Peer 1: 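One structure, pasted below without further comment.
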Amino acid sequence: MSKFIFVTGGVVSSLGKGITVASLGRLLKSRGLKVSVLKLDPYLNVDPGTMSPFQHGEVFVTEDGGETDLDLGHYERFIDTNLTKKSNVSTGQIYWSILSKERRGEYDGGTVQVIPHVTNEIKGHILSVAKESGADVVLVEIGGTVGDIEGLPFFEAIRQIRTDVGRQSCLYIHVTLIPYISAAKELKTKPTQHSVKELRSIGIQPDVIVCRSEEEVTRDLRAKIALFCDIEEEAVIPNTDVSSIYEVPLCFAESRLDEIVLEKLSLKTKQADLQEWKDLVKTIKGLSTKATVGIIGKYVSLPDSYLSVVEALYHAGFAHGVDVQIRWIEAEDLEKGTHDLLANLDGIVVPGGFGVRGVEGKLKAVEYARINKIPFFGIGLGMQCAVVEFARNVAKLKNAGSIEFGADEAPVIDFMPGQPRIAGLGGPMRLGTFPCKLQVDSHSFNAYKENVVYERHRHRYEVNNDYRKLLEEKGLRMAGFSENGELIEIIELQEHPWFVGTIFHPEFKSRPTNPHPLFVGFIGAILEQGKK
């Protein structure tokens with residue numbers, strides 16, 4: 001039977017509950033345990049698929065096409081496992097399921113209430129993930145902060161689970177802030193005390209408290225927290241700021257977090273094998289060469305909108321011993337003609353997105369990279385922009401554009417063949433993992449060293465096959481195709497150090513210990529170009 005670890009947050013949001021879950025998951029996996037992870041989000045949206053990146057950050061796509069919270073990206077990268085759409089559930093999904101059952105008469109005319117119906121639905125989802133995954137340990141993160149009214153059904157559900165599965169099969173970890181008051185030069189524990197008091201008022205006593213702080217949490221402070229919050233002193237775990245998130249598992253191991261968890265859950269395992277992770281952190285701390293990569297985006301004021309792209313660039317940098325420096329460039333600023341923003345870049349990435357805003361700026365960045373032989377990587381919308389720019393400026397299709405942005409004279413980017421022509425939110429998309437056949441001797445083939453690869457998609461528009469022949473004649477190589485050859489997956493310019501565009505999102509499959517081949521190829525091209 002699976003054991004359950006529930007991770008809650010207090011005081012403020014954005015404390016790093018996701019990194020805490022991912023790091024603990026890594027430690028438990030290193031001991032030979034099978035680990036699965038679940039994120040519970042209290043918002044009423046069914047999923048983040050239609051939410052603005054300014055509100056929610058990136059949408060992470062799972063192998064089976066789930067549009068999920070970005071924390072699932074952390075889980076996959078740290079634990080090195082593929083999750084499913086069932087690993088993320090929102091209040092919207094819970095209520096959708098309950099109301100559908102109610103309309104079908106499955107409650108036999110009874111009154112549908114938060115307790116027991118909503119809490120039972122939440123518990124049922126948690127237990128089904130445990131059963132289907134066959135995991136030894138299921139880590140469950142509850143989004144938001146204790147005390148939020150929308151989170152109460154989730155807190156009540158995880159309170160009940162301890163009774164359902166037994167106390168030795170359930171453990172609660174509370175992540176909280178220890179703020180540093182600079183004027184007093186002192187860390188304060190009072191917010192943590194109040195947060196734990198709030199948690200205990202709804203029936204949950206934390207077994208472990210993880211203390212996020214900018215400064216070192218001394219033993220005296222940990223003793224004080226233990227006394228006021230009624231837990232053992234060794235179960236108060238410091239989580240001080242570090243230079244890289246990938247150091248966190250080793251910091252937790254030093255504080256014996258995994259050992260404490262195993263003791264409380266009565267689990268016996270082998271010793272942790274963290275050598276691969278130690279080698280990774282050693283590599284990160286020893287990076288000497290620097291490379292500056294410009295990310296041309298439309299949501300750059302919230303960098304979490306491109307979180308997986310950034311991490312994939314870092315991973316590829318680790319593989320080459322390169323410290324990748326990100327320069328954020330607002331696409332709309334480029335529309336004003338300020339090419340100075342692109343000066344002194346070693347590489348240019350144009351990531352995914354939806355909508356017409358900023359597209360002309362992205363097209364300028366593509367043109368700059370193409371003409372100046374700067375390594376370029378276009379992803380999703382970035383690949384589409386590369387096709388449009390090439391069609392306009394090389395193939396001389398003056399009014400080339402995308403049907404998404406109203407192009408009707410030369411729509412080199414169009415709806416997927418056979419799909420309903422529905423614009424705006426709510427239209428069908430190509431979601432999840434699909435095969436891609438590679439052309440031999442392409443940049444992509446040289447990076448993957450495989451004939452067929454499987455990548456995750458999230459898009460609605462494709463390169464229009466009516467223009468394929470013309471674009472190829474002008475020098476745009478179609479380097480990757482769908483299984484039936486109908487859809488163009490990868491475009492390239494061969495007479496360029498690295499000019500690659502993918503309709504899929506390779507960043508979702510990159511891991512710090514197993515970087516994605518295309519990102520490795522991109523950083524490699526930057527190094528080669530630097531030598532020249």
Side-chain angles (χ1 to χ4, degrees), residues 49-50 296-299 331-332 334-335 348-371 376-431 434 436-437 439 455 457-493 496 499-505:
T50 58
I296 320 301
K298 57 205 297 184
Y299 318 113
E332 284 182 291
L334 286 177
E335 293 179 353
I348 290 175
V349 173
V350 178
F354 292 89
V356 69
R357 184 179 64 81
V359 164
E360 291 301 322
K362 292 191 174 199
L363 291 173
K364 286 188 175 183
V366 173
E367 182 182 24
Y368 185 89
R370 179 178 59 81
I371 292 173
F376 167 82
F377 198 177
I379 301 170
L381 178 60
M383 180 265 220
Q384 296 171 17
C385 286
V387 174
V388 171
E389 190 278 329
F390 186 89
R392 287 182 185 178
N393 298 321
V394 179
K396 302 304 179 184
L397 290 172
K398 183 179 177 182
N399 295 313
S402 169
I403 206 76
E404 180 182 8
F405 313 135
D408 50 14
E409 288 187 40
V412 293
I413 305 296
D414 203 350
F415 286 101
M416 286 184 288
Q419 290 288 343
R421 304 177 74 80
I422 301 173
L425 298 178
M429 289 205 294
R430 197 168 188 231
L431 275 169
F434 295 92
C436 169
K437 296 189 296 185
Q439 295 281 62
E455 294 287 357
H457 296 65
R458 183 178 182 247
H459 63 95
R460 186 176 305 156
Y461 304 95
E462 295 278 358
V463 178
N464 190 339
N465 285 320
D466 293 343
Y467 296 91
R468 182 191 290 191
K469 185 177 179 181
L470 172 63
L471 294 172
E472 287 181 317
E473 288 174 350
K474 296 296 183 179
L476 188 67
R477 184 171 191 186
M478 311 304 170
F481 299 90
S482 60
E483 201 166 24
N484 61 7
E486 187 177 42
L487 305 177
I488 296 166
E489 297 273 318
I490 306 174
I491 60 95
E492 295 183 1
L493 291 179
H496 192 286
F499 191 100
V500 175
T502 66
I503 198 67
F504 52 79
H505 290 266

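None of the values given here were measured: they were computed from a predicted structure.
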Peer 1: Treating R458 as the side-chain partner and G49 as the backbone partner, does any N or O pair qualify as donor plus acceptor under 3.5 Å?
Peer 2: yes
Peer 1: Quick check: closest heavy atoms across E486 and P417, and the distance to 0.1 Å?
Peer 2: OE2-CB, 3.8 Å
Peer 1: When you compare the side chain of L476 with that of L493, does any pair of heavy atoms fall below 4.5 Å?
Peer 2: yes
Peer 1: Look at the side chain of H496 and the backbone N and O of A369, then say whether any donor-acceptor pair between them is shorter than 3.5 Å.
Peer 2: yes
Peer 1: Nearest 0.5 Å, what's the CD-CG distance between E409 and L397?
Peer 2: 10.5 Å
Peer 1: Do F377 and T502 touch side chain to side chain, with heavy atoms closer than 4.5 Å?
Peer 2: yes
Peer 1: If you compare all heavy atoms of M383 against all heavy atoms of I488, which two are closest, and at what distance to 0.1 Å?
Peer 2: CE-O, 3.7 Å
Peer 1: Of the non-hydrogen atoms in G297 and K362, which two are nearest, and what is the gap between them?
Peer 2: CA-CE, 4.2 Å
Peer 1: Rounded to the nearest 0.5 Å, what separates atom CG in N393 from atom CD in E367?
Peer 2: 4.5 Å
Peer 1: Salt bridge between E360 and R392, side-chain N to carboxylate O under 4.0 Å?
Peer 2: yes
Peer 1: A400 and A391: which non-hydrogen atoms are nearest, and at how many Å?
Peer 2: CB-CB, 3.7 Å
Peer 1: Less than 4.5 Å apart, side chain to side chain, heavy atoms only: is that true for V412 and V388?
Peer 2: yes
Peer 1: Hey, are the side chains of S482 and E462 touching, using non-hydrogen atoms and a 4.5 Å cut-off?
Peer 2: no
Peer 1: State the CZ-CZ distance between F481 and R468, to the nearest 0.5 angstrom.
Peer 2: 5.0 Å
Peer 1: Check this for me: E472, atom CD, are more than 12 non-hydrogen atoms of other residues, nucleotides or ligands nearer than 6.0 Å?
Peer 2: yes
Peer 1: What is the minimum heavy-atom distance between F376 and A386, and which atoms define it?
Peer 2: CE2-CB, 3.9 Å
Peer 1: Can a donor-acceptor pair be found, under 3.5 Å and without considering hydrogens, that links the side chain of R370 to the backbone of F390?
Peer 2: no
Peer 1: Is there a side-chain contact between K437 and E489 (heavy atoms, below 4.5 Å)?
Peer 2: no
Peer 1: Salt bridge between E335 and K364, side-chain N to carboxylate O under 4.0 Å?
Peer 2: no
Peer 1: With no hydrogens and no angle check, is any side-chain donor or acceptor of N464 less than 3.5 Å from a backbone partner on P411?
Peer 2: yes
Peer 1: Any idea which heavy atoms bring I503 and H457 closest together, and the distance?
Peer 2: CG2-CD2, 4.1 Å
Peer 1: First locate atom CG of L487, then atom CZ of F504, and finally report the distance between them rounded to the nearest 0.5 Å.
Peer 2: 12.5 Å
Peer 1: Quick check: do E389 and Y368 have side-chain heavy atoms less than 4.5 Å from each other?
Peer 2: no
Peer 1: Atom CD1 in I403, atom OH in Y461: separation rounded to 0.5 Å?
Peer 2: 8.5 Å
Peer 1: With side chain to side chain contact (heavy atoms under 4.5 Å, CB included) as the criterion, how do Y299 and R357 come out once you've worked through the C-alpha distance, each side chain's angles and the decisive distance to 0.1 Å?
Peer 2: CA-CA 10 Å; Y299 318 113; R357 184 179 64 81; 3.8 Å; yes
